[in-house]
Amino acid sequence: MKIIRDLAEMRALAETLKGQGKSIGMVPTMGALHEGHASLMAKARQENDILLVSVFVNPTQFGPDEDFDQYPRQLEADAALAEGQGADIVFAPADEAMYPEGFQTYVTPSPQMTNILCGVSRPIHFRGVCTVLTKFFSLIHPDRAYFGEKDIQQLAIVMRMVTDLNLHVEIVPCPIVREADGLAKSSRNVYMTPEERAAAPVLQASLQMAREMIAAGERNAVKIRQAMADKINATGLAKIDYLETLDFATFERRDEILDHTLIAMAVAFGKSRLLDNTLIRLN
Ligand code: AMP
């Protein structure tokens, strides 16, 4: 497995591989890799000749008061995990290489997709995500790129971007990987105290309760959100950033449960801001 830091070297290698007729599956990550990332790599490994994992804590997707400096960085361990998943290449560029002096150009998704959910408290986040992915895709030209459904708004925005900008890459969604107690795996779980960590599975439990209410015939999303919020707040350790029901295709808020209603939340436990969601399929 090769670890590449240089952009020109990355471009040249990708061109050589594509010239040999090899397909490239890319898994973009910010490192601190865990089984959630590994599941994306496993799928990409199966579906492509070359598995490329990028490890880059992208500065442009962090706001000034966010955890860019504290975000865990552990390239050696990440490279070992990627190699264990059969990666051929780990691409870990330096910040200055990706954003040299004079950098001026960003890819900005429309407010319809960013003035809700994570975009409200993280106003520049998705612009940073779309910008770095466009840079990666134009440098590497992967055939497929793999994204987790945990970051469901990111997945929807990236799919939209690839369609809107005619990017020649297939976006492959991958299911959420969870701890044994139901907490979605996340590099940010390490910020929690033992008490917060013990309470955090309430997110998945509240989604399970919502699914049960819907299965029993409840269609009033206001009632469902209230019941979920009560359950989460009962821990005494949670601060709900958002808890929304929306149409998955349009990202418009919905107060009625219909087919393809997305229930999505961000909840802070101490320093960890955790995401979880479920897509309701009625048929
Ligand atoms: P990150 O390193 O947090 O930017 O995540 C990189 C990719 O891994 C994103 O597409 C995430 O959605 C995905 N991912 C992170 N955690 C999980 C998880 N628990 N299950 C599935 N995918 C995940």
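Counting convention: from 1, in listed order, for ligands and their atoms alike.
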What does the contact table look like for ligand 1 (nitrogen or oxygen on each side, cut-off under 3.5 Å)?
from     : atom 1 : to   : atom 2 : distance (Å)
ligand 1 : 2 (O)  : M30  : N      : 2.9
ligand 1 : 2 (O)  : H37  : NE2    : 2.9
ligand 1 : 5 (O)  : H37  : NE2    : 3.4
ligand 1 : 10 (O) : G148 : N      : 2.9
ligand 1 : 12 (O) : G148 : N      : 3.2
ligand 1 : 12 (O) : G148 : O      : 3.2
ligand 1 : 12 (O) : D151 : OD2    : 2.6
ligand 1 : 16 (N) : K185 : O      : 3.4
ligand 1 : 19 (N) : V177 : O      : 2.9
ligand 1 : 19 (N) : K185 : N      : 3.4
ligand 1 : 19 (N) : K185 : O      : 2.8
ligand 1 : 20 (N) : V177 : N      : 2.8

Taking the side chain as everything from C-beta on, heavy atoms only, tell me whether Y242 gets closer than 4.5 Å to L275. yes
Close side-chain approach of R273 to C118, heavy-atom, < 4.5 Å: yes
Relative to F56, does R5 satisfy both conditions: NZ or CZ under 6.0 angstrom from the six-membered ring centre, and within 45 degrees of the ring's axis? no
For Y146, ring pair (Phe, Tyr, Trp, His ring centres under 6.0 Å) partners two or more places apart: none
Salt-bridged, R225 to D255, with N to O below 4.0 Å? yes
Decide, yes or no, whether a salt bridge links D6 with R11 under the criterion of side-chain N to carboxylate O below 4.0 Å. no
